[in-house]
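Along the sequence shown, residues are numbered consecutively beginning with 1.
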Amino acid sequence: MARNDYPRPQFVRDSWLNLNGEWEFEFDDDDDGERERWYEGRTLGRTIVVPFCYQSKLSGIGETDFHDIVWYRKKVTLPAEFDGKRTILHFGAVDYEAKVWVNGRLAASHEGGHTPFAADVTDALQAGSNTIVVRAQDYSKDLTLPRGKQYWKEKSASIFYTRTTGIWQTVWMEPVSDIHLGKLRLTPDIDNNEIAVQSSLSGAIGQNDVRLTVTVSFKGEIVAEDEIRVRGTEAYRSIRLDDRHDLAARRFWTPANPNLYDAEFTLLVNGQTVDQVQSYFGMRKISVDNGNICLNNRPYRMKMVLDQGYFPDGILTPPSDEAIRRDVELTKEMGFNGARKHQKVEDPRYLYWCDKLGLLLWGEMANAYHYSPRYVRRITQEWQEVVERDYNHPCVVAWVPLNESWGVPNILNDKQQQQHALSLYYLTKSLDPMRPVISNDGWEHVKSDICTIHDYAWQKEVLEQRYSTAHNAVTSLPANTWIYAHGFAYAGEPIHVSEFGGISFRKSDWEGWGYSSAKDDKDFVERLAAVVHPLLASPVVQGFCYTQLTDVEQEINGLLTYDRQPKVPLEWIRAINEGKTPEVEPSAAEASK
């Protein structure tokens, strides 16, 4: 099985070459490859199906032993539409470090396991067959490495899962002209009904007359056209949408009505079209006003679910685009309007389906566990790439650089680690001033736009009392941990219970654990209502995130099994999210066993 879906859905060109599928492959446990110049033509002894990591079944290998250095090799013959063009080689994600050779020439290197990179490989190409070689190096036991839920031991346990090493997102090539669009940054302004367009160009402009035309349409109707004279490497323009005001309000992007505008960008050099890119955006505003979380200037309650983004046979890599879409659909069918992708920078196709189908998303970094100067450099560099990659997606409504003090274990009192969390907060705001930032999700906040709390209490009366007032909420210690780091205090931010529930309910062959346990359908529904309803009724809680969407390996606290089968009817969960309690007869519970 190979992934054939277009890998960059917000920046689409018609011509591209998918390099997923079978590659030659080899472990390099003794680190012989570079010294012996494996990139110069050595045949590798195994095969692997890209983009699946060797630990996954879908890779064709399915081994979970430690092999921190791996090599890939593939021969490629470019189609005719690449003739006379520059050729860009793209990698969606390679965990953790990568070096890439084309026909024996070093073409690219990249550090960071969750973000894309690309290289212009034109000058390394030759007529006929071309050989691409990749060396990927992971650091499985290095706890200063941004890794998310990937375990540093061979067997997954507790809240940690099977590791991913090497290529785990799509590899592809595309032809471009000497001068072409490099990046687009689209910023909606619903208050003025404008879209701000910032474009960057690649290639030498010189004395050429370079112009960028922008055509914006809504459901096939053109609502704006503009032409920008490009005199440097970047161009900026705010474009007013020619919607009537009453129509514009109905065209805002929301989970209930995920309206998207199409945008076509055409680059002309001396009057000739040299590049054309299709994109889209949503007119959406997320803000914190007078202590309220607002969507499009109206208070909005986020009903979210924690989603680890793991799959039984692909681990971090979804088996198909249909599987990605189905996760979004299942989430919405259960009455959630958002997801918190936990400790994973998700495949752009997931963000596309959230944009398309209407699901809020908190963008979260995969954290490390130990603090060091090397860790600071690593996470700071990669987090900037995450924010840049996902900036244009209307579904993304908050940024979470840190979670539960992972990577900053002494943040409660350590001024240096507090300054690091503050630096990530302000760095994120400097890159994206329009979205809330949570500095350290769950507890020990320094400065956050939303006060998020992780609370796995399962008794209804405890939750009712704890969230009856803001004072009770922020002075409680639900994980025996302070909500704010020492020297910082609650200042009226919106309160969001961003992890809770975690009710284990075994409905498959998986053995596992959860934070509390249900014995049958009736018990599960009652327990679920007992944790959801107090948060819905709370006068201070403005949103929640239930743990979690699916079972994952040894965790069986999902609303769905690991293979995405509902544990109880989806409409029961939707009813609970609406404040109701479904009637579940004991006989129905017995029949479901």
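- What you find for Ser439 and Pro401 is that their closest heavy atoms are O-CG, 4.2 Å.
- In summary, the side chains of Asn297 and Asp191 do present a donor paired with an acceptor at a separation below 3.5 Å, with no hydrogens or angles considered.
- When Gln137, Glu382, Gln150, Glu111 are each tested for a side-chain hydrogen bond (donor to acceptor under 3.5 Å, both in side chains) with Tyr96, only one passes: Glu111.
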Inset, instruction - Starting from the C-alpha separation in whole Å, work towards a yes-or-no answer on side-chain contact (heavy atoms from CB on, under 4.5 Å) for Leu424 and Trp399. - result: CA-CA 10 Å; Leu424 287 176; Trp399 295 116; over 6 Å; no
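- In this structure a side-chain-to-backbone donor-acceptor pair under 3.5 Å is present from Lys149 to Ile159.
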Inset, instruction - Go through the steps for Gln308 and Thr550 under the test side-chain contact (heavy atoms from CB on, under 4.5 Å), then give the verdict. - result: CA-CA 8 Å; Gln308 310 281 2; Thr550 75; 5.9 Å; no
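- Heavy atoms only, all atoms of each residue included: Thr187 and Tyr391 are closest at OG1-OH, 2.6 Å.
- Side-chain contact, Thr162 with Glu553: a donor N or O sits under 3.5 Å from an acceptor N or O.
- If you check the side chains of Ser405 and Asn440, you find a donor sitting under 3.5 Å from an acceptor.
- Between the Glu364 side chain and the Gln343 main chain, a donor and an acceptor come within less than 3.5 Å of each other.
- Asp327 and Trp353 share no side-chain donor-acceptor pair at under 3.5 Å.
- Taking the centre and axis of the six-membered ring of Phe524, the NZ or CZ atom of Arg527 falls outside the cone set by 45° and 6.0 Å.
- Using a 30° and 60° split on the angle between ring planes, Trp406 and His342 fall in the tilted class, from 30° to 60°.
- Between Asp138 and Arg163 no salt bridge is recorded (no basic side-chain N to carboxylate O distance below 4.0 Å).
- The heavy-atom pair separating Gln548 from Val305 by the smallest distance is C-CG2, 3.8 Å.
- Around the CH2 atom of Trp482, the shell of radius 6.0 Å holds no more than 12 heavy atoms that belong to other residues, nucleotides or ligands.
- Side chains of Thr165 and Gln55: a donor on one and an acceptor on the other come within 3.5 Å.
- A salt bridge is defined here as a Lys NZ or Arg NE, NH1 or NH2 lying under 4.0 Å from an Asp or Glu carboxylate O, and Glu329 with Lys332 fails to meet this definition.
- Ring orientation note: the planes of Phe500 and Tyr546 are nearly perpendicular, at an angle over 60° on the 30°/60° scale.
- Here the CG atom belonging to Leu316 is positioned 12.0 Å from the CZ atom belonging to Phe52, to the nearest 0.5 angstrom.
- Surrounding CG of Asn290 are at most 12 heavy atoms belonging to other residues, nucleotides or ligands under 6.0 Å away.
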Inset, instruction - Give the C-alpha distance, both sets of side-chain angles, the deciding distance and a yes or no for side-chain contact (heavy atoms from CB on, under 4.5 Å) between Leu330 and Leu559. - result: CA-CA 10 Å; Leu330 286 166; Leu559 298 168; over 6 Å; no
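- Here the OG1-CD distance, from Thr380 to Glu385, works out to 11.5 Å after rounding to the nearest 0.5 Å.
- Glu234 is listed as a side-chain neighbour of Gln198, based on a closest heavy-atom distance under 4.5 Å.
- Between the NZ atom of Lys303 and the CZ atom of Phe544 there is a distance of 6.0 Å, given to the nearest 0.5 Å.
- Although no hydrogens or angles enter the test, the distance criterion places a donor-acceptor pair under 3.5 Å between the side chain of Ser279 and the main chain of Gln10.
- The two atoms that bring Arg301 and Ser538 nearest to each other are NH2-O, 4.4 Å, heavy atoms only.
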Legend entry - Residues Thr233, Ser200; criterion side-chain hydrogen bond (donor to acceptor under 3.5 Å, both in side chains); working and verdict: CA-CA 6 Å; Thr233 57; Ser200 62; over 6 Å; no
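- Between Tyr371 and Tyr375, the gap from one ring centroid to the other is short of 6.0 Å.
- A donor-acceptor pair under 3.5 Å links the side-chain atoms of Asn193 to the main chain of Leu241, judged by distance alone.
- Results of the side chain to side chain contact (heavy atoms under 4.5 Å, CB included) test with Thr481 over Glu444, His454, Glu404 single out Glu444 as the only residue that passes.
- When all heavy atoms of Val70 and Gly166 are compared, the pair lying nearest together is CG2-CA, 4.4 Å.
- Under the ring-ring contact (aromatic ring centres under 6.0 Å, His included) criterion, no residue pair touches residues 458-478, with sequence neighbours excluded.
- Between Tyr151 and Tyr161, the distance separating the two ring centers is not shorter than 6.0 angstrom.
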Inset, instruction - Please report the C-alpha distance between Val386 and Met365 in whole Å, then the side-chain angles of each, then the deciding distance to 0.1 Å, and finally whether the side-chain contact (heavy atoms from CB on, under 4.5 Å) criterion is met. - result: CA-CA 8 Å; Val386 172; Met365 181 57 189; 4.1 Å; yes
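- At a cut-off of 3.5 Å, with distance as the only test, no side-chain donor of Asp95 or Thr164 sits close to an acceptor on the other residue.
- For the pair Thr547 (side chain) and Leu306 (backbone), a donor-acceptor distance under 3.5 Å is absent.
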Legend entry - Working for side-chain hydrogen bond (donor to acceptor under 3.5 Å, both in side chains), residues Tyr425 and Asp449: CA-CA 9 Å; Tyr425 171 87; Asp449 296 322; 2.6 Å; yes
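- To the nearest 0.5 Å, atoms CZ (Arg237) and CD (Glu194) are separated by 11.5 Å.
- Side chains of Thr254 and Tyr300: no donor on one and acceptor on the other come within 3.5 Å.
- Although no hydrogens or angles enter the test, the distance criterion places a donor-acceptor pair under 3.5 Å between the side chain of Arg284 and the main chain of Val396.
- Judged by distance alone, with hydrogens and angles left aside, the side-chain atoms of Asn557 form no donor-acceptor pair with the main-chain N or O of Ile503 at under 3.5 Å.
- Within a 6.0 Å radius of CZ in Arg377, more than 12 heavy atoms belonging to other residues, nucleotides or ligands are found.
- Residue Lys356 qualifies as open at atom NZ: its count of foreign heavy atoms under 6.0 Å is 12 or below.
- Within the 3.5 Å criterion, the main-chain N or O of Asn259 finds no donor-acceptor partner in the side chain of Asn257.
- When atom types are taken as modelled, the side chain of Ser430 and the backbone of Leu427 share a donor-acceptor pair closer than 3.5 angstrom.
- Electrostatic pairing of Arg378 and Asp142 counts as a salt bridge here, judged by a charged N lying under 4.0 Å from a carboxylate O.
- Here Glu333 pairs with Arg326 in a salt bridge; the nearest charged N to carboxylate O distance falls below 4.0 Å.
- One finds the CZ atom of Arg147 at 8.5 Å from the OG1 atom of Thr144 (value rounded to the nearest 0.5 Å).
- Between Pro146 and Ala366, the shortest heavy-atom contact is CB-O, 3.3 Å.
- Atom NZ of Lys99 sits in a sparse spot, with 12 or fewer heavy atoms from other residues, nucleotides or ligands closer than 6.0 Å.
- Side chain of Arg564 to backbone of Tyr562: a donor-acceptor contact under 3.5 angstrom is found.
- For the 3.5 Å distance criterion, the side chains of His445 and Thr452 qualify, holding a donor opposite an acceptor.
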Legend entry - salt bridge (charged side-chain N to carboxylate O under 4.0 Å, His left out) assessment of Lys141 paired with Asp68: CA-CA 10 Å; Lys141 299 180 181 180; Asp68 276 0; over 6 Å; no
